[in-house]
Protein chains: 2
Amino acid sequence: MTKKLSTLADLAREAGVSESTVSRALSNNTLISQKTRDRIQALAHEHNFTLNTAARNLRLQKSNTIAVVLLIDSDADQSVSDPFILSILGVIADELSQHRYDVLLVSHRTKDAKNIRQYLDTKRADGLIVFGQGDSGEHLSALLNQNLPVVVWGAQTPAASYVTVGTDNVLGGRRVTEHLREQGCQRIAFAGHLSFETAQRYQGYRQALEAAGLRNSHHLDIHFSYEDAYQVTKTLLDNNEFSYDGVVAASDSIALGMIRALSEAGKRVPEDVAITGYDDIAVAAYMQPSLTTIRQDTRAGGTCLVNTLLAQLAGESVQSTLLDTPLIVRQSSQRGGQSHQ
Amino acid sequence: MTKKLSTLADLAREAGVSESTVSRALSNNTLISQKTRDRIQALAHEHNFTLNTAARNLRLQKSNTIAVVLLIDSDADQSVSDPFILSILGVIADELSQHRYDVLLVSHRTKDAKNIRQYLDTKRADGLIVFGQGDSGEHLSALLNQNLPVVVWGAQTPAASYVTVGTDNVLGGRRVTEHLREQGCQRIAFAGHLSFETAQRYQGYRQALEAAGLRNSHHLDIHFSYEDAYQVTKTLLDNNEFSYDGVVAASDSIALGMIRALSEAGKRVPEDVAITGYDDIAVAAYMQPSLTTIRQDTRAGGTCLVNTLLAQLAGESVQSTLLDTPLIVRQSSQRGGQSHQ
DNA sequence: CTGTTAGCGCATTCAA
DNA sequence: TTGAATGCGCTAACAG
């Protein structure tokens, strides 16, 4: 390792040429003779030289960076902990790095959503991928109505002016509920806090109940977490207020917490209570009982988010995508049901 | 929303003062009269003005950004999928954003580890948090021997010249193994691929066996994943080659995969086979049976990584930290054991 | 208290 | 085929 050459000027001096020649040589510009190019590139490599990104960005007015923005509910805990989000984030980081983009990970309180424009305005990021429209769809709409390079994870709404990639949550909610009906469940509760996307799942649940001629719906308000699900369920059971034979959980995490509480209380899943989750997180297949759920394919979702954004960046006109929401039937819901008369 | 003011110069013109005054006013420099400061800050706010980060970074020769580098094994799958890593990443993002730092998320093939210096050299990041020394400790040592602002997640090694935050993997491996011995296990296998950290856990496993007078160790080579663990275990069971009554799994994921395979084959956990995991991922407490494991506290770990790095950045002298590795006893390993004669 | 000036490192226009 | 000069937007030393 020879001495440190940290700027173009250093390299130029070392090579005995001008800065502009080095700049061109490094970008493999054909204006420069092949010989010079080779020589300079070799030199740069030898000295482990890399361009100063800030200077380059300033000059080029772009950043080669995509900001992934996580909008965090202010009253809930502020950390990024949802396994589904974390998992799709991993996919996005992969995809983006394959396209030679850097990923800037930022989290914002929901109510500060308006600040996210700054990443674009200050050329901090070339594009944005946003999670959490759930609690701030209206903010986003106000901000993103122009043709900005932004893709939002979540459901399309008629009002929204921005491009989204997401799954059909109403359909998903309907599917699991219908499935539980087919398994013979009579009293089916919906467990989850009704934020944006989960509210849609709830809506699907309602639709399915109504289609089955059931008038009463049951909502258990549980925020996204194992612990909360466990506690709420345990309390209900302790007070003898748990009267359901089926539960549509708004997420796999919630389903897991409930299953534990039920099991500790001596209830069998699925015999006494059939349960479905939502997301198909990695462990869903590996628990006992394995979890019936709606798959949200993180690989497909992440890839689609990235591709949509890159297409936008390339000037193509893009539209929102609705990903499929397949029902994955496993043990936690299967108990023969009516179909087996 | 008035017209777009995108640079300091624009703001200065609008305010009828010089650029430097605006610059100072925005940084709340007391050189500027309170009145002027207030006026300019109000103006900036009204126009939703933010500084251009690239220009600012270039001028200041710093970036207010921490790069989190994930070193990915080249022959394994390239994606960021380990739930433990993802979870600690969430914590880091939190902590860093509370300290007003941005997080640049980058993944690199292990063998390209030497490129990670560039983030520092080009002032792309003020500091680095690195995961995955496991497979590239020697590369890192070669790179990071200077007093660079870098903190590596993982175990300390005598050779390593860099600062680490991690848990005592040897101790952890020893603890679970001793625990299984206490539960009466006679033939205990270690399940996991022997990379850096897991090799240390394996070493602890060996120590515990030797201390118990057991000469034979059993190693099942399983990479980090549910699926691989499931397949390998299933194959062993199908061939009647699974002869263990205890398993020390190198990660919770592996434990889950194995438990599923065992359960499908009609083996009971913990009665027929007692199993321990490693990490204490969120679901560990919520599965059936709940998983005995070694806790790696992601909150503590992430916080410590960040604090150590920030201290380094502040010029303080810091040293490596070894976090506690508590044994969390749950159902998957408990079967009375010898102590109940 | 405020303004003028210079320069961070790079890409690019214009001139040679 | 190469070099000299300019400016991206910002901060800070120096002057006033």
Side-chain angles (χ1 to χ4, degrees), chain A residues 4-41 43-44 47-65 102 118-126, chain B residues 4-41 43-44 47-65 100 102 117-126:
Chain A
K4 194 70 207 322
L5 263 36
S6 47
T7 74
L8 263 191
D10 295 336
L11 245 194
R13 199 177 318 113
E14 185 84 6
V17 296
S18 73
E19 281 188 54
S20 22
T21 300
V22 176
S23 174
R24 291 184 179 116
L26 291 182
S27 63
N28 219 15
N29 188 318
T30 49
L31 277 178
I32 304 297
S33 76
Q34 186 67 52
K35 204 171 121 216
T36 312
R37 263 187 279 165
D38 289 346
R39 186 166 64 88
I40 296 188
Q41 287 175 10
L43 195 65
H47 290 274
N48 227 302
F49 175 83
T50 18
L51 292 171
N52 179 311
T53 319
R56 185 189 161 84
N57 290 350
L58 176 58
R59 178 62 233 243
L60 260 24
Q61 298 288 6
K62 63 192 292 281
S63 64
N64 241 279
T65 297
D102 282 324
Q118 76 178 73
Y119 292 96
L120 258 22
D121 293 339
T122 62
K123 305 289 190 299
R124 193 76 209 282
D126 297 340
Chain B
K4 195 70 207 325
L5 262 36
S6 46
T7 74
L8 262 191
D10 295 336
L11 244 194
R13 198 177 318 115
E14 185 83 5
V17 296
S18 73
E19 281 187 55
S20 28
T21 300
V22 176
S23 173
R24 291 185 180 116
L26 291 182
S27 64
N28 218 17
N29 189 319
T30 50
L31 277 178
I32 304 296
S33 74
Q34 187 66 50
K35 206 174 120 211
T36 312
R37 264 188 278 165
D38 290 347
R39 186 167 62 89
I40 296 190
Q41 288 175 10
L43 195 65
H47 290 275
N48 226 301
F49 175 82
T50 19
L51 292 171
N52 179 310
T53 320
R56 184 188 162 86
N57 290 350
L58 176 58
R59 178 61 232 240
L60 259 24
Q61 297 287 8
K62 62 192 293 283
S63 62
N64 240 278
T65 297
R100 325 241 63 197
D102 281 323
R117 268 281 306 253
Q118 76 177 75
Y119 292 96
L120 257 22
D121 292 339
T122 62
K123 305 290 189 299
R124 193 73 209 282
D126 298 341

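Please read these numbers as outputs of a predicted model, since none were measured by experiment.
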Item to check | Polar contact flag, side-chain donor to acceptor under 3.5 angstrom, Ser20(B)-Ser23(B) | outcome: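 Absent: no donor and acceptor within the cut-off.
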Next on the checklist: Between Gln41(A) and Asn28(A), do the side chains contain a donor N or O and an acceptor N or O under 3.5 Å apart?
Outcome noted: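 Indeed, the side chains of Asn28(A) and Gln41(A) share at least one donor-acceptor pair under 3.5 Å.
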Checklist entry - Picking from dT2(C), dA4(D), dG3(C), which would you name as closest to the side chain of Val17(B)? => result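 When the side chain of Val17(B) is considered, dG3(C) is the closest of dT2(C), dA4(D), dG3(C).
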Item to check | Candidates dA12(D), dC10(C), dA11(C) - which lies nearest the side chain of Ala55(A) | outcome: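 When the side chain of Ala55(A) is considered, dC10(C) is the closest of dA12(D), dC10(C), dA11(C).
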Item to check | Electrostatic pair Asp10(B)-Arg13(B), nearest N-O below 4.0 angstrom | outcome: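 Arg13(B) and Asp10(B): salt-bridged.
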For the pair made of [atom1] in [X] and [atom2] in [N], what is the distance, rounded to whole Å?
{"X": "Leu11(A)", "N": "dG3(D)", "atom1": "CG", "atom2": "C1'", "value": "17 Å"}
{"X": "Glu19(B)", "N": "dG7(D)", "atom1": "CD", "atom2": "P", "value": "14 Å"}
{"X": "Asp10(B)", "N": "dG9(D)", "atom1": "CG", "atom2": "P", "value": "8 Å"}
{"X": "Leu26(B)", "N": "dC10(D)", "atom1": "CG", "atom2": "P", "value": "9 Å"}
{"X": "Lys123(A)", "N": "dC10(D)", "atom1": "NZ", "atom2": "P", "value": "11 Å"}
{"X": "Arg37(A)", "N": "dT1(D)", "atom1": "CZ", "atom2": "C1'", "value": "11 Å"}
{"X": "Gln34(A)", "N": "dT2(D)", "atom1": "CD", "atom2": "P", "value": "11 Å"}

Item to check | Under 3.5 Å: donor-acceptor pair, side chain of Arg39(B), backbone of Ala15(B) | outcome: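 Present.
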Item to check | Ser63(B) side-chain N/O to Asp126(B) backbone N/O, donor-acceptor pair under 3.5 Å | outcome: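 Yes: the side chain of Ser63(B) pairs with the backbone of Asp126(B).
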For nucleotides 13-16 of chain C, list the nitrogen or oxygen atoms of the protein found under 3.5 Å from its nitrogen or oxygen atoms, one pair per line.
{"unit_1": "dT13(C)", "atom_1": "O4", "unit_2": "Arg24(A)", "atom_2": "NH2", "d": "2.5"}

Checklist entry - When you check the phosphate oxygens OP1 and OP2 of dG3(D), does a side-chain N or O of Thr21(A) lie under 4.0 Å from one of them? => result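 Result: yes.
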Checklist entry - Does Gln61(A) have a side-chain nitrogen or oxygen under 4.0 Å from the phosphate oxygens OP1 or OP2 of dG7(D)? => result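 For Gln61(A), the contact criterion (side-chain N or O under 4.0 Å from OP1 or OP2 of dG7(D)) is not met.
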